[in-house]
Amino acid sequence: MVYEVLNHNNAACTVTDADIEEAVKSGETLPRAIVQAMGKTHDDKYLEYMYPLLYHEVNYMRMDAAQSIINLNGRKGLDTLKEKERSLDSSTFDNLPSEKAVLMAMIIRIEEGTEGVLRYFRSEDGLDIVKYCLLSYYSSGYDYKEEDIRLISVVLREFIDKKLKRVKKVPREDWIEFVYFALDSLWIAALETEILTQMSDEASRELVDVFQQILFSKATNDIKELMSDISIGMKRDYALEILRNLKGKTGGGDARRAYKKALKHFNITEEEL
């Protein structure tokens, strides 16, 4: 297998299974690209190499290790993630991105499932910084299931409806950022997995409906671009409905290019929608 990852310069590169095994045999400190690639193998034999990296001196290495643990087998790595989270003082909530908040979000997802995540998001208790990070582990290499896609849909709808007091107070800039990163998680799911074509019609309909609600909420061109990108990974009928809703609303630039790319993927013209 070949894995697309980031190196220590934050540049895209590729790593193979042979590269991973060679890095393990060398006994040297694992570079960032190998750590990310290990997480994408979904082979939990690599968990033991992630645990020490949770205490690495570099922040992105610690966060990559945590992400790889949840990608590999969050249930097996739960105790180690909890131990790391407890070691962080509450003052670290002030650091953005908050390592402690991300770890707490991961722990909630592993221990309580998607229902627990949604319960925490809707509760009046809990920490706002953790609520803001509740979808942060949906990243490259994550083993998406239908329940994860439905969770993202529901949380997006909560952000659009603004019925929760906390959400009502969110500044427009932060609202856009949250919606963008939630959609980015869906784009990763579409890019790396087949989940959007395999999930139920009910889940697909939920996604179409929430996309339409986002459009009604004055979606930015960046958000419209992601919608087009995501549609490529969906069942044809639902994807075309999304593209139909985007018709005449993409403007120019990257959003328009992504829209035309999606039309080409489904071998249909804008006029035929």
Side-chain angles (χ1 to χ4, degrees), residues 1-72 74 77 80-81 84-85 87-88 92-103 105-106 129 132-133 135-144 173 176-178 180-193 220-223 225-226 229-230 233 253-255 257-258 261:
M1 287 285 291
V2 177
Y3 310 98
E4 294 185 3
V5 294
L6 300 176
N7 63 21
H8 68 283
N9 291 320
N10 217 37
C13 64
T14 58
V15 170
T16 66
D17 286 321
D19 294 330
I20 294 174
E21 288 305 309
E22 185 178 340
V24 170
K25 290 176 183 177
S26 73
E28 297 179 2
T29 302
L30 298 177
R32 184 186 196 190
I34 295 294
V35 172
Q36 289 191 359
M38 282 180 166
K40 291 189 173 188
T41 66
H42 296 149
D43 188 336
D44 60 17
K45 72 179 182 180
Y46 294 121
L47 277 173
E48 62 178 292
Y49 300 100
M50 298 300 108
Y51 298 151
L53 293 174
L54 289 174
Y55 298 87
H56 196 282
E57 61 183 5
V58 179
N59 179 268
Y60 66 71
M61 289 293 289
R62 297 195 298 271
M63 297 312 299
D64 283 349
Q67 182 65 51
S68 286
I69 288 172
I70 198 170
N71 287 353
L72 289 168
T80 306
L81 289 174
K84 172 59 182 178
E85 184 275 320
S87 75
L88 297 170
T92 60
F93 283 129
D94 297 329
N95 301 331
L96 297 176
S98 172
E99 183 179 359
K100 187 175 180 70
V102 170
L103 288 170
M106 288 181 174
I129 183 63
Y132 198 79
C133 293
L135 304 181
S136 60
Y137 46 82
Y138 288 133
S139 185
S140 185
Y142 188 89
D143 187 19
Y144 288 85
E173 183 177 322
I176 291 172
E177 182 179 61
F178 186 93
Y180 179 87
F181 282 111
L183 289 175
D184 190 59
S185 297
L186 293 174
W187 177 67
I188 292 170
L191 190 67
E192 297 187 352
T193 76
T220 64
N221 280 344
D222 286 345
I223 286 175
E225 178 186 354
L226 273 176
D229 289 337
I230 293 164
D254 291 340
R257 281 189 285 274
K261 180 181 177 182

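Values in this document were obtained by computation on a predicted structure and should not be read as measured data.
Put simply, CG on L54 and CD on E85 are 12.0 Å apart, with the number rounded to the nearest 0.5 Å. Atoms CG and CG, on D229 and D184 in that order, are 9.5 Å from each other to the nearest 0.5 Å. Distance check: D19 CG to T16 OG1 gives 3.0 Å after rounding to the nearest 0.5 Å. A distance of 9.5 Å separates CD of E28 from CD of E22, quoted to the nearest 0.5 Å. Atom CD1 of I230 is separated from atom CD1 of I188 by 10.0 Å, given to the nearest 0.5 angstrom. Here the NE2 atom belonging to H42 is positioned 9.5 Å from the OH atom belonging to Y142, to the nearest 0.5 angstrom.
Annotation for Q36 and D64: closest pair NE2-OD2, 3.2 Å, computed over non-hydrogen atoms. Smallest separation of non-hydrogen atoms from A65 and L53: CB-CB, 3.6 Å. Residues Y55 and S87 come closest through the heavy atom pair CE2-OG, 4.1 Å. Of all heavy-atom pairs between S185 and L135, the closest is OG-O, 4.1 Å. Annotation for V102 and M63: closest pair CG1-CE, 3.4 Å, computed over non-hydrogen atoms. The minimum heavy-atom distance linking G233 with A190 is given by the pair CA-CB, 4.0 Å.
Between the side chains of S68 and N71, not a single donor N or O lies within less than 3.5 Å of an accepting N or O. Side-chain contact check for E192 and S140: at least one donor-acceptor pair (N or O, by modelled atom type) lies under 3.5 Å.
Taking the side chain to side chain donor-acceptor pair (under 3.5 Å) definition, one finds that N221 meets it with nothing, sequence neighbours left out. Annotation: side chain to side chain donor-acceptor pair (under 3.5 Å) contacts of D17 (sequence neighbours excluded): Y3. Residues that satisfy the side chain to side chain contact (heavy atoms under 4.5 Å, CB included) test with E21, not counting sequence neighbours, are K45, Y46. Residues meeting the ring-ring contact (aromatic ring centres under 6.0 Å, His included) test with Y132, sequence neighbours left out: F178. With sequence neighbours excluded, the residues satisfying side chain to side chain contact (heavy atoms under 4.5 Å, CB included) with L88 are K84, T92, E99, K100, L103. Residues that satisfy the ring-ring contact (aromatic ring centres under 6.0 Å, His included) test with F93, not counting sequence neighbours, are absent from this structure.
Between Y144 and Y138, the ring planes lie parallel to each other; the angle is under 30°, not in the 30° to 60° tilted range.
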Task: Steps toward side-chain contact (heavy atoms from CB on, under 4.5 Å) verdict (I129, L96) - done: CA-CA 9 Å; I129 183 63; L96 297 176; 3.8 Å; yes
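Side-chain atoms of T41 and M1, non-hydrogen and from C-beta on, never get closer than 4.5 Å to each other. Between M38 and L30 the shortest side-chain heavy-atom distance falls below 4.5 Å.
N7 places a side-chain N or O within 3.5 Å of a backbone atom of N10 that can act as its donor or acceptor partner.
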